[in-house]
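We use all heavy atoms of the structure for the numbers below, so side chains are in, but hydrogens, waters and symmetry mates are not.
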Amino acid sequence: MTTARALPTTPAGPGHAGPSPARPAGVGTAYRWEITKLAALVRTRAALAAALVLPPLVVLVLNGQTPPVDTLYGRYVHDSGYAVPLLLLGFATQFVYPLLTSLVAGDIFASEDHFGTWKTVLTRSVSRSQVFWAKTLAASTFAVVLLGVLATSSIVSSLLLVGHQPLTGLTGQTIAPGRALGLVAAAWATDLPPLIGFTALAILLSVVSRNPAVGVVGPVVIGFVMSLVGSVGGIGLLRPALLTTPLESWHGLFTDPSFHGVIWQGVAVSAVWTAVCLFLAYSSLRRRDITGG
Amino acid sequence: MCARRPALPWGVPAFIVTSCRLPSVAGVTDQLAVRIEGLTKRYGSLTAVDGIDIAVAEGEVYGVLGPNGAGKTTVLRMLFGLIRPDAGVLEVFGRSWEQNGTDTLAGVAGFIESPKFYPYLTGRKNLQLLAGLDGGAARERIDEVLDVVDLTGRDRDKVGGYSFGMRQRLGVAASLLRDPRLLVLDEPANGLDPAGIRDMRALVHRLADSGLTVLLSSHDMAEVEEICDNVTIMKTGSVVYHGTISALRAQAPPQAHLLRTTDDAAAARLAAGAEGLSVATAEGQLAVRGTQDAIDAYVRTLALAGIAPRSLTLGEAPLEALFFMLTEASPDSPPHGTRTDQEALS
Ligand SMILES: Nc1ncnc2c1ncn2[C@@H]1O[C@H](COP(=O)(O)OP(=O)(O)O)[C@@H](O)[C@H]1O
Ligand SMILES: [Mg+2]
């Protein structure tokens with residue numbers, strides 16, 4: 001069809017072979033497009049830029065100050081480049097993770113309500129389940145990339161600015177630089193399961209509230225309440241079930257002898273949180289009437 | 001099959017419906033583009049769609065007409081699988097959501113209310129995204145469909161900066177990308193300026209001429225009359241008429257003359273018993289219907305009785321008038337949610 005304004009439609013006569021083949025797009029295509037949409041959002045790029053730039057800035061500031069002795073690994077920040085990433089890890093744990101991951105996960109479903117685009121997407125050849133998993137994968141990808149950038153930036157900048165001296169362990173033992181690097185990287189990796197847990201929590205709030213603000217702020221508030229609850233005594237049974245508890249499981253890597261039980265317990269707790277949140281979010285999205293937009 | 005009712009004096013508020021099943025539909029149910037039977041949707045205690053039947057044959061341009069709140073959008077949302085019916089059958093080219101899931105929409109495209117896009121992406125990027133979700137093959141046709149809706153040249157601007165009319169046209173472009181056999185448009189002219197409405201109607205005309213089946217909802221009788229072959233008229237969730245536009249036209253009341261006189265009450269009394277004439281009081285004036293001869297005679301009678309006409313104008317178009325009679329609430333009309341309207345059909 002080369003004529004200007006010619007209609008691109010095939011005449012639907014008796015000879016029309018049938019409906020245009022709706023070759024299912026699948027989760028893969030939907031996922032790629034979620035990533036494209038995320039990449040087009042200023043917020044996503046700003047969060048990644050912050051994860052890249054903030055750690056070196058913190059290292060610089062810490063370098064010019066008396067060490068924050070009352071914080072875990074605070075007293076060693078001038079002594080070893082391996083101490084700073086651990087200090088940052090303790091800080092990220094409390095406030096930064098829920099916020100950074102929910103920036104995307106808390107918005108990725110609710111923004112379709114916000115823009116009224118559910119009907120646009122769901123009237124194509126893609127099912128609700130496919131869209132659900134594509135969005136969930138995209139939000140998780142963002143969380144993983146964010147953690148990677150944050151960890152790499154923290155470790156590299158402090159090794160460059162402070163140096164790779166041996167690290168003092170939590171039981172006073174000395175850890176050689178090579179082994180310290182592996183342990184610091186492992187410590188950051190232990191945050192991945194709870195981070196995915198927070199991502200799932202943000203997804204749940206995003207789906208159920210249909211409101212991007214609730215999706216983004218909700219997990220931060222819940223994370224904050226969990227760390228408060230976790231810090232008071234007398235909640236022996238409840239404490240391991242909190243999503244913030246696994247964020248501290250890395251401590252066991254830096255004792256002598258080291259203990260890994262808490263780490264696996266943290267993985268299990270995060271997995272349960274993730275599964276429950278995703279199940280509830282999935283059922284809610286599958287069931288609901290799309291009446292907005 | 002065809003419920004016929006005696007002709008009623010026009011202007012009687014409780015208008016009773018005559019309805020015909022589409023002759024083209026009988027016996028060719030396997031070729032229906034859309035088959036809807038007993039479709040019902042409730043929101044809490046409100047029955048938004050109350051057991052309606054619609055049959056759209058392939059190749060026809062079908063109108064679903066009704067005032068705001070009649071349930072048109074709700075029907076189309078169910079067709080697209082966006083909301084789930086509480087009862088009834090809904091098939092598109094013989095496929096249903098229960099049996100076929102997303103495949104139900106193979107060969108179907110359109111939009112519900114005003115089309116929505118990602119405002120932070122360009123028009124072209126939005127179309128690429130949607131083509132991707134359709135399997136990607138349509139990507140080569142993006143230039144073509146942009147041309148059809150006259151958006152070439154603006155496709156690299158962000159949709160956030162588009163006017164309402166441009167978004168509406170992008171909605172049509174996004175639908176055409178799917179190379180549909182059935183195009184479903186929910187009040188496509190809504191919110192457009194007069195030029196936009198003219199262009200949108202011309203576009204639907206051209207699409208229909210290309211052989212596409214079109215299911216169009218509207219609250220505007222003139223639009224449906226201009227574009228559609230068949231129509232279902234809805235009122236508060238129920239069907240009050242379905243049949244061809246020409247059958248509807250045949251039933252429309254003759255166009256009324258609106259008359260004001262020095263003494264309307266006396267003028268109305270004078271009309272009683274006049275051959276071929278009906279006079280009703282409507283909104284402070286008299287609606288006079290009848291043959292030209294009868295009206296001429298009536299005006300002469302008024303003059304002889306010392307009643308002077310102050311104004312005599314033409315009332316609304318016949319189909320328009322019929323539409324209002326069918327859909328406007330009147331004290332005699334059944335309350336929302338009963339099946340009386342439906343029963344009147346059979
Ligand atoms: N999400 C909803 N919740 C409750 N009532 C609704 C909802 N959507 C529509 N309705 C009601 O259903 C009826 C039909 O609405 P709709 O299908 O939008 O009518 P139309 O498109 O003919 O204007 C209206 O009374 C409307 O208020
Ligand atoms: Mg509507």
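Proximity to chain A involves both the backbone and the side chain of B:Ile112, based on heavy atoms less than 4.5 angstrom apart. Neither the backbone nor the side chain of B:Lys158 comes within less than 4.5 Å of any heavy atom in chain A. In this structure, no portion of A:Arg32 lies under 4.5 Å from any heavy atom of chain B. Looking at B:Ala109, there are no atoms closer than 4.5 Å to chain A (heavy atoms on both sides), in backbone or side chain. Both the backbone and the side chain of B:Arg84 come within contact range of chain A, with heavy atoms under 4.5 Å apart. Using a 4.5 Å cut-off between heavy atoms, A:Thr36 contacts chain B through its side chain alone, with no backbone atom that close.
Scanning both residues, B:Thr102 and A:Ser127, for their nearest heavy atoms gives OG1-CB, 3.3 Å. Closest non-hydrogen pair, A:Ser125 versus B:Asp134, comes out as N-OD1, 3.1 Å.
In this structure, B:Tyr43 places its OH atom where more than 12 heavy-atom neighbours from other residues, nucleotides or ligands lie under 6.0 Å away.
The candidate with the highest count of non-hydrogen atom pairs below 4.5 Å against chain B, out of A:Arg288, A:Glu112, A:Lys119, is A:Lys119.
In this structure, A:Thr120 contributes its side chain and B:Lys116 its backbone to a donor-acceptor pair below 3.5 Å.
Here NZ of A:Lys37 is found 9.0 Å from CG of B:Asn126. Values are rounded to the nearest 0.5 Å.
Considering only heavy atoms from C-beta on, B:Leu177 comes within 4.5 Å of A:Arg124 through its side chain.
In this structure, A:Phe115 and B:Tyr118 have perpendicular ring planes: the angle between them is above 60°, well past the 30° mark.
Here the options are A:Ile290, A:Asp289, A:Thr291, the test is side-chain contact (heavy atoms from CB on, under 4.5 Å), and the partner is B:Leu82; only A:Ile290 passes.
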